[in-house]
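Everything numeric in this text was worked out from a predicted model, so none of it was measured. For the numbers below, each heavy atom of this structure counts, side chains included, while hydrogens, waters and symmetry mates do not.
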Amino acid sequence: MHKGETLTQFIIEEQRRTHGSGDFSGLLADIETACKRISAAVNKGDLIGALGALETENVQGETQKKLDIISNDMMVEAMQWSGHLAGMASEELEDPIQIPEKYPKGKYLALFDPLDGSSNTDVNISVGTIFSILHAPKGVTTPEVKDFLQPGTEQVCAGYALYGPSTMFVYTTGHGVNGFTLDQDIGEFVLTHPNMTVPEDTGEFAINTSNSRHWVAATKQYIDDCLAGETGPRGRNFNMRWVASMVAEIHRILNRGGIFLYPRDNKNPDMAGRLRLMYEANPMAMIMEQAGGAASTGTGRIMDVEPTEIHQRVGVVMGSKNEVAKVEEYYAAK
Ligand code: F6P
């Protein structure tokens, strides 16, 4: 039984250590509240009629689930009132979200994917919320798209909530990665996974192999060599997993190592991969690097990509450091 530090306590202690103003702590507390609300909605599912799709599509042209909208609203409502944010951007909405006039404005920008992997909600498989915090450029109180277009290296904080058998909250402010489990009895996240570290080597990969005919040669060669097992060029057997829920995938890798790939492919030449740089790739890259792993596009560090569009996509290869370096070698050789 963990009677450890609560997330609230942890955030306030971090504020004391860094002599913070309390603004950032307040923002994190708002996100925590939103994640608890989303967790409750995901957990109740059909009991509150929250499952199933809407008739609408999001900016990415994907069918929206009821829970996508419910979660998006919960994130906005939890963060807009408290005066910590200059603005927000959501994967679900085309334009940045402005803070209503009646509320004070703050110095941070929040970007989020309110319910990642939401195609899994109807079949009761883990989903999650991903968030990224940036500084608003000085003096900006009505942020435009250009104000959000900062590389991942500028992130002040990145984190996710995982709605699985347990609800977890995992985040980094650039000083390691810590994981908290929601104790439903007391309604608090409790520190259960201090200082999460990704093993440097792995024998487990995660990729959607139904896309293999669209892969570039380097991806195909890498996966073929993994599949060849101990008698192949890699000289070891590999295991494979695919949950189709990035948060679940990254959480597994943070706990036991592995590599996750959603690489750029030739399926849709207009799209540089499937995952979104600002809402998925950058925050997960910061977490992965802070936990001792690596995050690459295949040809360079994800967090160094200079964003040009708020909803832009990017090829993603992240996880155990030495395996990510291996994939980069395959890309460099082709
Ligand atoms: O971007 C949403 C997402 O659901 C990710 O969480 C996940 O990794 C990926 O898409 C799954 O894609 P696919 O349906 O192609 O397996």
**OP:** Indicate, with yes or no, if V327 and M284 share a hydrophobic cluster defined by side-chain heavy-atom contacts under 4.5 Å among Ile, Leu, Val, Met, Phe, Trp and Tyr.
**Re:** yes
Original post:
In terms of hydrophobic clusters joined by side-chain contacts under 4.5 Å, are L275 and F131 together?
Top reply: no
Subject >> Side-chain donor-acceptor pair present, T219, Y330, cut-off under 3.5 Å >> reply: no
Subject >> Donor on one side chain, acceptor on other, E200 and S320, under 3.5 Å >> reply: no
Subject >> Distance in Å, T121 OG1 paired with L67 CG, rounded so as to fall on 0.5 Å steps >> reply: 5.0 Å
Original post:
Can you name the closest pair of heavy atoms from S71 and I38 and give their distance?
Top reply: OG-CG2, 3.5 Å
Original post:
Within the distance-only criterion (no hydrogens, no angle test), does the side chain of D68 pair as donor or acceptor with the backbone N or O of K65 below 3.5 angstrom?
Top reply: yes
Original post:
For E14, does its backbone N or O pair with a side-chain atom of T18 as donor and acceptor, under 3.5 Å?
Top reply: yes
**OP:** Using a 4.5 Å cut-off on heavy atoms from C-beta on, say whether the side chain of Q184 contacts that of K36.
**Re:** no
Subject >> Within-4.5 Å side-chain heavy-atom neighbours: V216 and P263 >> reply: no
Subject >> Closest non-hydrogen atom pair, L109 against Q150 >> reply: CD1-NE2, 4.0 Å
Subject >> Lys/Arg N to Asp/Glu carboxylate O, D265 vs R274, below 4.0 Å >> reply: no
Original post:
Below 6.0 angstrom between ring centroids: does that apply to H84 and F24?
Top reply: no
Original post:
Salt bridge check: are E77 and R37 linked by an N-O gap of less than 4.0 Å?
Top reply: no
**OP:** Kindly say whether L277 contributes a backbone atom to a donor-acceptor pair with the side chain of E280 at under 3.5 angstrom?
**Re:** no
Original post:
Taking everything shown except K321 itself, do over 12 heavy atoms lie less than 6.0 Å from its NZ?
Top reply: no
**OP:** Answer yes when E13 and R17 have at least one side-chain N-carboxylate O distance shorter than 4.0 Å, and no when they do not.
**Re:** no
Original post:
Does R234 make a cation-pi contact with F238, if we ask for NZ or CZ under 6.0 Å from the ring centre and within 45° of the axis?
Top reply: no
Original post:
Is any side-chain heavy atom of W215 less than 4.5 Å from a side-chain heavy atom of N266?
Top reply: no
Original post:
Are side-chain heavy atoms of L162 and V170 found at a separation under 4.5 Å?
Top reply: no
Subject >> Backbone of L51 reached by a side-chain donor or acceptor of K66 within 3.5 Å >> reply: yes
**OP:** With the side chain counted from C-beta on, respond yes when F148 and P143 share a heavy-atom pair under 4.5 Å apart, and no when they do not.
**Re:** yes
Original post:
Do S132 and N282 have a side chain donor and acceptor closer than 3.5 Å?
Top reply: no
Subject >> Polar side-chain atom of Q155 near backbone of G152 as donor-acceptor pair, under 3.5 Å >> reply: yes
Original post:
Between R276 and D113, is there a salt bridge with N-O shorter than 4.0 Å?
Top reply: no
Original post:
For the side-chain contact (heavy atoms from CB on, under 4.5 Å) test, which of I287, I250, D116 pairs with I130?
Top reply: D116
**OP:** Can you label the angle between the H193 ring and the H251 ring as parallel, tilted or perpendicular, going by 30° and 60°?
**Re:** tilted
Original post:
side-chain hydrogen bond (donor to acceptor under 3.5 Å, both in side chains) between Y163 and T129: does it pass, once the steps are laid out?
Top reply: CA-CA 8 Å; Y163 314 115; T129 300; 2.6 Å; yes
Subject >> Ring centers of W242, F205 separated by less than 6.0 Å >> reply: no
**OP:** Answer yes if Y160 and M74 sit in the same cluster of Ile, Leu, Val, Met, Phe, Trp and Tyr residues linked by side chain heavy atoms under 4.5 Å apart, and no otherwise.
**Re:** no
**OP:** Might you confirm whether atom CG of N124 has over 12 heavy atoms from other residues, nucleotides or ligands at distances under 6.0 Å?
**Re:** no
Subject >> Spatial distance of atom CG (L111) from atom CD1 (I97) [nearest 0.5 Å] >> reply: 9.0 Å
Original post:
Pick from F180, Y171, F169: which one makes a ring pair (Phe, Tyr, Trp, His ring centres under 6.0 Å) with F189?
Top reply: F169
Original post:
Are any non-hydrogen side-chain atoms of N120 and S126 less than 4.5 angstrom apart?
Top reply: no
Original post:
Can E92 and N72 be counted as having a side-chain donor-acceptor contact under 3.5 angstrom?
Top reply: no
Subject >> S25 and Q15 side chains, donor-acceptor separation under 3.5 Å >> reply: yes
Original post:
Should we count CZ of R264 as having more than 12 external heavy atoms under 6.0 Å?
Top reply: no
Subject >> Any donor-acceptor N or O pair under 3.5 Å, side chains T142, Q98 >> reply: no
Subject >> Chi angles and distances behind the side-chain hydrogen bond (donor to acceptor under 3.5 Å, both in side chains) call for S245, E249 >> reply: CA-CA 6 Å; S245 184; E249 229 91 61; over 6 Å; no
Original post:
Are I253 and I223 joined in one hydrophobic group, where the rule is that I, L, V, M, F, W and Y side chains link up if heavy atoms are under 4.5 Å apart?
Top reply: yes
Original post:
So do I207 and T209 actually touch side chain to side chain, heavy atoms under 4.5 Å?
Top reply: yes
Subject >> E323 vs K326, salt bridge (Lys or Arg N to Asp or Glu O under 4.0 Å): CA-CA, chis, key distance, verdict >> reply: CA-CA 5 Å; E323 202 57 27; K326 194 47 127 183; over 6 Å; no
Subject >> Side chains of L182 and S166 in contact at under 4.5 Å (non-hydrogen atoms) >> reply: no
